[in-house]
Amino acid sequence: MNTGTIIGIAVGVVVVLLLIALVARVASGRRDERRRRQAGELRQQARSRSIQAESARASADEQAAEAKRVEAEAEERAAQARQGRATAERQAIKAEHLTESARDRHAQARAIDPDASDSGQDEAVALNERTA
C-alpha cells in the first residue's frame, strides 16, 4: 500500500466519521425538537386541567355556600316555628284559664239564680249552640 492510498483511506474514514457525527447531530436535534413539542403539549394540557380544576373548585365552593345559606334559612324557619308553637301553647293555656274562669262564673251565676237548673246542662247546650 502506498502513502496515497493510506491518506485516501484516512480521509475517507474521517469523512465517514464526520458524516456519522453530522447525522447523529441532526438526529439529536430532531429528537430534542420532538421532545420540546411534547413538553409544550403537556404544558398546554396541564394549563387546561388547572383551569378545569379551578372551575370545579369554584363551583364546589359556590354549592357549599348555597347549601349553608339554605341551611341557615331552614334553621331560621325552625326557630320561627318553635316561637310560633310556644306562642300557640301560651294562648292555649290562656284560653283554658279563661274557659275555667267562665265555667266558674257560670257556676256562680247558677248558684245564685233562683230560676236556673242545678245541673248546668241547659247552659252547656246553649253555649254549644252559640259556638256551633
Side-chain angles (χ1 to χ4, degrees):
M1 256 201 291
N2 66 20
T3 316
T5 306
I6 293 177
I7 291 176
I9 291 174
V11 169
V13 169
V14 169
V15 169
V16 169
L17 288 176
L18 286 174
L19 284 175
I20 291 173
L22 182 63
V23 168
R25 191 172 184 116
V26 169
S28 176
R30 286 182 182 167
R31 186 175 54 245
D32 288 347
E33 186 57 37
R34 188 175 61 247
R35 286 184 177 173
R36 283 187 192 99
R37 240 187 347 266
Q38 286 177 332
E41 289 172 4
L42 290 174
R43 284 186 190 96
Q44 182 61 33
Q45 289 173 0
R47 275 188 236 114
S48 175
R49 288 189 180 168
S50 292
I51 291 169
Q52 289 173 347
E54 188 61 33
S55 175
R57 196 173 304 115
S59 179
D61 290 346
E62 184 178 322
Q63 287 176 343
E66 177 66 16
K68 283 181 183 179
R69 185 187 63 76
V70 168
E71 188 177 52
E73 287 176 358
E75 288 175 5
E76 182 180 351
R77 284 192 299 275
Q80 289 172 347
R82 286 191 299 272
Q83 185 177 12
R85 190 170 37 251
T87 301
E89 287 177 15
R90 283 193 302 273
Q91 289 175 346
I93 291 169
K94 183 178 179 181
E96 185 62 33
H97 289 306
L98 290 172
T99 301
E100 288 175 20
S101 176
R103 284 184 189 145
D104 290 345
R105 295 287 181 193
H106 282 293
Q108 288 174 351
R110 240 188 347 270
I112 62 171
D113 188 357
D115 297 330
S117 68
D118 289 340
S119 70
Q121 184 175 0
D122 295 336
E123 283 186 39
V125 169
L127 215 83
N128 281 339
E129 286 176 359
R130 281 186 291 208
T131 58

Can you confirm whether more than 12 heavy atoms, excluding those of Glu73, are under 6.0 Å from its CD atom? yes
Treating Ser59 as the side-chain partner and Ser55 as the backbone partner, does any N or O pair qualify as donor plus acceptor under 3.5 Å? no
Just verifying a value: how many Å separate Leu17 CG and Ile20 CD1, rounded to the nearest 0.5 Å? 5.5 Å
Thr3 versus Ile6: any side-chain heavy-atom pair under 4.5 Å? no
Beyond-backbone contact of Leu18 with Leu22, side-chain heavy atoms, under 4.5 angstrom: no
How would you list all residue pairs meeting salt bridge (charged side-chain N to carboxylate O under 4.0 Å, His left out) that involve residues 79-105, not counting sequence neighbours? none
Distance-only check: which donor-acceptor pairs under 3.5 Å involve side-chain atoms of residues 24-47, not counting sequence neighbours?
{"residue": "Gln44", "atom": "OE1", "partner": "Arg47", "partner atom": "NH1", "Å": "2.8"}

Just jot down the side chain to side chain contact (heavy atoms under 4.5 Å, CB included) partners of Gln52, sequence neighbours excluded, or say none. Ser48, Arg49
Under 4.5 Å between side-chain heavy atoms, hopping through other hydrophobics if needed: is there a path connecting Ile7 to Val15? yes
So which of Arg69, Gln63, Lys68 actually passes side chain to side chain donor-acceptor pair (under 3.5 Å) with Glu66? Arg69
